[in-house]
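Along the sequence shown, the residues carry numbers beginning at 1.
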Amino acid sequence: MSMSWDEAAYEEAMEALYAEHREQAIQEFTNERLQSYYLSFPSVAEPPFRSLDEARQLLPEYPTAAFIFAVIATEVGLKAALLKPIVYGLVHSDSAAGIITDMVIANKGYEKFRDLLFQILNEYGGIDLKKFSRPGVSKPLWDEIIDVQKKRNQIIHQANVVTSDESHHAIAVATSVLEELFPSVITKIGFHIHENGRVCNDWKCKHKELIEELKLKGIFKESQKK
């Protein structure tokens, strides 16, 4: 099947964008770019965390629905919480960044930037997504993500159902993305995450228990809070 003019134009634009950045992306990418994005959008990961929570609540009685919400959590977690900040950081114009990011996420440009995602996650998150696997699982997490996406498509397009075990698996994959990959990146750039997935850079919040202990001992003074 031949591509339409719009599809061909999009492919050409993606090729040009990728070629422009692939050589210098890693060298120019800095913690400050990631930090700036998460400071501007601290709640970026809250939606996928809500979807993961929904999947866990649905699992006992509605395994197929739980499976779908788990895959939603996985995809949105990867795209919105990890890929989008990276693409945003690769584009120097703020206005263009938003447009290009939406294009990459909504289309197969997502695959085009996969290698950049892997490299930056490796350098700034300390995780090699090409090799990373969940404890006790030999298959790389990325392959598991592809597997659950395919099964999700079968549910949607073929009205398939899944077992409770398959839903447990999808939830485990989503949990790894949101509670291992995402926190690894956030921690490495000096921030931390609250229970609802909100990114925070307040050091007093991060060390609240320690500060309370020091206050009790008279070591931490009120003037030091500022």
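With sequence neighbours left out, the ring pair (Phe, Tyr, Trp, His ring centres under 6.0 Å) criterion links Tyr37 to Phe41, Tyr88. Residues that satisfy the side chain to side chain contact (heavy atoms under 4.5 Å, CB included) test with Asn153, not counting sequence neighbours, are His157. Remark: Asp128 engages no residue in a side chain to side chain donor-acceptor pair (under 3.5 Å) (not counting sequence neighbours). Take Gln158 and apply the side chain to side chain contact (heavy atoms under 4.5 Å, CB included) test, not counting sequence neighbours, and it matches Gln154, Asn160.
Pairs of residues two or more places apart, or lying in two chains, that qualify as salt bridge (Lys or Arg N to Asp or Glu O under 4.0 Å) and include a residue from residues 144-159 are Glu75-Arg152, Arg134-Glu144, Lys139-Asp147, Lys151-Glu166. Counting only residues at least two apart or on different chains, the salt bridge (Lys or Arg N to Asp or Glu O under 4.0 Å) pairs with a member in residues 192-201 are Glu46-Arg198.
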Scan the side chains in residues 172-181 for donor-acceptor partners under 3.5 Å anywhere in the protein, sequence neighbours excluded, and list what turns up.
unit_1: Thr175; atom_1: OG1; unit_2: Arg56; atom_2: NH2; d: 3.0
unit_1: Thr175; atom_1: OG1; unit_2: Ile171; atom_2: O; d: 2.7
unit_1: Ser176; atom_1: OG; unit_2: Glu180; atom_2: OE2; d: 2.9
unit_1: Glu179; atom_1: OE2; unit_2: Arg56; atom_2: NH2; d: 3.2

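Between Leu59 and Ser164 there is a side-chain heavy-atom pair separated by less than 4.5 Å. Between Asp53 and Phe49 there is no side-chain heavy-atom pair separated by less than 4.5 Å. Taking the side chain as every heavy atom from C-beta outward, Val161 and Phe67 never approach each other to under 4.5 Å.
Taking CG from Asn201 and CD1 from Ile186, the interatomic distance works out to 10.5 Å, rounded to the nearest 0.5 Å. Within the model, atoms OG of Ser184 and CD1 of Ile193 stand 9.5 Å from one another, a figure rounded to the nearest 0.5 Å. With values rounded to the nearest 0.5 angstrom, Phe191 atom CZ is found 4.5 Å from Gln35 atom CD. Leu129 CG to Ile145 CD1: the interatomic distance, rounded to the nearest 0.5 Å, is 6.0 Å.
Residues Ile146 and Leu78 are members of one and the same hydrophobic cluster, defined by side-chain heavy-atom contacts under 4.5 angstrom among Ile, Leu, Val, Met, Phe, Trp and Tyr. Note: the hydrophobic cluster containing Tyr62 also contains Phe69 (ILVMFWY, side chain heavy atoms under 4.5 Å, direct or indirect links). Cluster membership check: Leu39 shares its hydrophobic cluster with Val44, using side-chain heavy-atom separations under 4.5 Å among Ile, Leu, Val, Met, Phe, Trp and Tyr.
Annotation for Ala80 and Pro85: closest pair O-CD, 3.4 Å, computed over non-hydrogen atoms. For the pair Pro48 and Val76, the tightest heavy-atom approach, listed with the atom from each and the gap, is CD-CG1, 3.7 Å. Of all heavy-atom pairs between Phe182 and Val199, the closest is CZ-CG2, 3.7 Å. Nearest heavy atoms, Gly197 versus Ala45: O-CB, 3.6 Å. Residue Ser133 comes nearest to Ser138 through the heavy atom pair CB-O, 4.4 Å, listed as atom of the first residue, atom of the second, then distance.
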